[in-house]
Amino acid sequence: MSNLKLISILKKYGKVKAIDNLNLEVQDGELVTLLGPSGCGKTTTLRTISGFLAPDSGDIYINDRRITDIPPERRGIGLVFQNYALWPHMTVFQNLAFGLQMRKLPKDEIKRRVKQRLETVRLEEYENRYPRELSGGQQQRVALARALVLEPDILLLDEPLSNLDALLREKMRFEIARIHKESGVTTVYVTHDQTEAMVISDRIIILNKGRIMQQGKPEDIYENPANKFVASFMGNTSFINGTVVGFNGKYTLVKTGDGLTIYGIGRKVKKGENVVIAVRPENVQFVLPPDIRGGMKSNNLFSMEIERETYIGEVVDYQLRIKSWSIRAKSAVSNKMTKGETVKIYLDPDKMPILSE
Amino acid sequence: MRKILMINKKLFIVTLEIILLLFSLLLIFGPMTSLALWSIADKWFWPNLLPQSIGLDYWRQALGVQKSLAIGAVSIIPAFFLSLMIAVITVITAMSIAIPAGYALAKYKIPFGMFIFFLFLMPNAFPQQPIFVNLLDIFTKIGLAGTIPGVIIVHILVGLVFGVWITSATFRSIPPQLEEAARSVGASGIRTFFRITLPLAAPGLLASSVFVFITSLDEFTGTFFIGLPFVITLPMTLYSSSGYNMQFASVIAIILLLPSMLFMMLIQKVLKAEYVGGMG
Ligand SMILES: Nc1ncnc2c1ncn2[C@@H]1O[C@H](COP(=O)(O)OP(=O)(O)OP(=O)(O)O)[C@@H](O)[C@H]1O
Ligand SMILES: [Mg+2]
């Protein structure tokens with residue numbers, strides 16, 4: 001049973017605030033992902049938690065024990081690095097056994113625990129190999145096993161999949177999710193890959209410039225981005241700028257500079273405010289001629305020109321233009337449209353978040 | 001057509017490689033052959049291409065098996081052991097300074113770190129003679145001139161240049177994550193150093209020690225100023241005999257070369273050792 005608490009952590013490099021007053025609580029058994037662009041402070045946060053960096057101010061607690069001034073080797077935190085950091089002069093077995101030896105456990109106990117852990121990452125047969133004799137994915141799993149064999153209170157992973165190829169990365173996402181479920185260890189996971197975060201996280205924390213932009217369940221963040229930064233970071237989002245001109249039931253009306261009126265959901269916006277509408281490809285519906293009947297609302301129906309179409313395998317990716325705005329859309333390959341065609345599209349107002357600029 | 005061009009290109013590269021190989025062999029073994037010939041030449045007068053008569057007399061004399069009356073001929077056995085002893089002490093002392101110094105330079109932001117580094121480089125950055133002349137002055141005042149400890153100190157100073165340089169480069173090449181990983185599984189800083197850092201640095205440290213060893217064995221200028229006339233190392237005997245007796249000089253030169261060659265082979269072997277491949 002372990003939880004992790006960061007309270008008002010501040011870390012500056014010169015004038016740059018790498019972590020800017022960060023408050024974070026991770027519950028027992030939870031997997032929290034820090035998601036953000038390069039340089040937003042993810043690694044700095046992990047290094048602060050693990051004790052390799054001292055924060056300028058703020059405190060860190062594990063199970064209500066203050067660990068801010070405790071050296072890394074006595075924090076009970078397991079680490080997995082982006083480049084695995086396996087010790088090249090030790091076999092897989094020795095890599096896992098090292099930490100147990102530091103705890104002065106008896107030999108047969110060490111043997112038992114290493115074997116058991118290698119089983120959970122499915123590498124039983126590789127215990128006598130050296131790291132360089134393993135594939136990237138296998139090295140990754142050894143690194144994970146090495147961190148877990150000590151049954152740490154907290155597990156920290158810094159972009160553990162970024163060195164793997166796309167196929168293996170996808171497989172390992174599920175593998176990590178499974179291992180996390182089995183071990184139930186409280187985990188902080190760092191990535192800049194949105195899909196990866198969506199697959200494995202109980203909770204996602206979006207960071208920008210050392211600050212939390214939004215946190216919540218993957219689907220909540222995706223569907224209700226709190227601001228433009230989050231919306232642009234999650235999904236292939238296009239933006240339309242405008243001004244709030246009124247409200248109609250649960251909908252907010254936005255008028256663009258060039259005269260479009262769009263309905264959407266504005267949670268915290270006021271009349272007259274400059275806003276952006278976040279349009280995701282999956283919320284852009286192509287309306288085929290038979291569909292245009294009385295039943296369909298006439299709001300949010302637009303004629304757009306296809307500016308570019310790209311066949312990407314399972315779907316066709318389009319860039320559509322209306323007046324000065326470009327948006328992205330997708331359709332099934334079976335009804336592929338071509339450049340220059342004009343199409344009717346419907347923007348579902350329930351799925352058009354309106355965000356402050 | 002394309003294929004022929006490619007084959008030609010390959011052929012050209014192979015030819016070039018062979019020529020380069022032969023050339024470098026000539027560079028290395030040319031002088032060696034001449035040395036070897038000289039060392040066994042009982043009589044070799046101009047303009048003969050090969051010695052008129054050969055024998056191991058000079059080897060016997062040099063190794064002290066046979067008494068010699070030739071000018072400049074001394075038994076080199078005492079000099080050899082003196083050189084060996086000085087080299088061993090130099091390596092041990094220099095490396096016990098170079099390892100912590102190199103580690104500190106590699107891992108910590110030391111104030112004036114660069115300055116300290118230059119201090120180590122000094123003896124080789126400038127012409128050595130003025131430095132050694134000054135050193136002789138100081139050593140004479142404190143009674144170290146002409147003594148073995150004095151010579152050892154000079155050798156350590158010269159050896160530290162390579163020692164600190166190679167050692168710090170070695171430590172710098174070890175990814176810090178390997179050490180952090182060890183800390184995170186509960187190893188203290190000291191344990192991490194001995195169980196992770198040191199084994200990973202071993203090949204580099206060994207190479208560094210070999211460099212210091214060979215430098216000491218071959219060191220001439222400093223020993224000349226500080227050691228003579230009382231401390232006579234192997235290179236000193238080479239100097240004193242080379243003017244008079246080519247055969248003798250050749251024997252000494254070969255003896256001086258042997259440890260270097262042996263160590264070079266050792267380094268080769270160690271650098272090929274398996275786990276080094278995993279470090280890259
Ligand atoms: N040792 C350092 N000295 C100075 N600035 C640093 C140092 N380490 C990090 N920074 C700065 O702190 C900020 C956060 O860096 P950090 O490494 O935490 O980013 P990150 O989110 O892990 O990025 P990435 O996704 O590229 O790994 C960056 O602006 C970076 O330039
Ligand atoms: Mg990082």
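Here is the naming used below: chain letters follow the sequence lines, and residue numbers restart at 1 for every chain.
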Item checked: Interface moiety of Asn83(A) toward chain B, non-hydrogen atoms closer than 4.5 Å -> side chain
Next item on the list: Of all the heavy-atom pairs spanning Ala181(B) and Trp87(A), show the shortest one and how long it is.
Entry: C-CZ2, 3.6 Å
Checklist line | Other residues, nucleotides, ligands: >12 heavy atoms within 6.0 Å of Phe220(B) CZ | finding: yes
Checklist line | Side chain proximity check, Val185(B) to Arg103(A), heavy atoms < 4.5 angstrom | finding: no
Next item on the list: Can you tell which part of Leu79(A) gets under 4.5 Å to a heavy atom of chain B, answering side chain, backbone, both or neither?
Entry: both
Next item on the list: Inspect the surroundings of CG in Leu16(B) and state if more than 12 heavy atoms from other residues, nucleotides or ligands are less than 6.0 Å away.
Entry: yes
Next item on the list: Work out which heavy atom in Gly189(B) is nearest to a heavy atom in Glu73(A); give both atom names and the distance.
Entry: N-OE2, 4.1 Å
Notebook entry, point to check: If you count the non-hydrogen atoms of other residues, nucleotides and ligands that lie under 6.0 Å from CZ in Arg74(A), is the total more than 12?
Noted result: no
Margin query: Is any side-chain heavy atom of Gln101(A) closer than 4.5 Å to one of Arg195(B)?
Written below: yes
Next item on the list: Grab the two heavy atoms, one from Gly186(B) and one from Met102(A), that are nearest each other, plus how far apart they are.
Entry: O-CB, 4.0 Å
Check: Side chain, backbone, both or neither: which part of Pro131(A) has a non-hydrogen atom closer than 4.5 Å to chain B?
Finding: neither
Checklist line | Between NE2 on residue His89(A) and CG on residue Leu198(B), distance to nearest 0.5 Å | finding: 9.5 Å
Margin query: A quick test of your reading: do over 12 heavy atoms of other residues, nucleotides or ligands sit less than 6.0 Å from NZ of Lys107(B)?
Written below: yes
Notebook entry, point to check: Going by heavy atoms in the side chains, are Leu150(A) and Ser184(B) under 4.5 Å from each other?
Noted result: no
Check: If you measure from CZ on Arg191(B) to CZ on Phe98(A), what distance do you get to the nearest 0.5 Å?
Finding: 7.5 Å
Item checked: Residue part contacting chain B, namely of Arg47(A), when any heavy atom lies under 4.5 Å -> side chain
Notebook entry, point to check: Rounded to the nearest 0.5 Å, how far apart are CG of Leu178(B) and CZ of Phe81(A)?
Noted result: 8.5 Å
Notebook entry, point to check: Can you say whether Leu86(A) sits under 4.5 Å from chain B via the side chain, the backbone, both, or neither, judging by heavy atoms?
Noted result: backbone
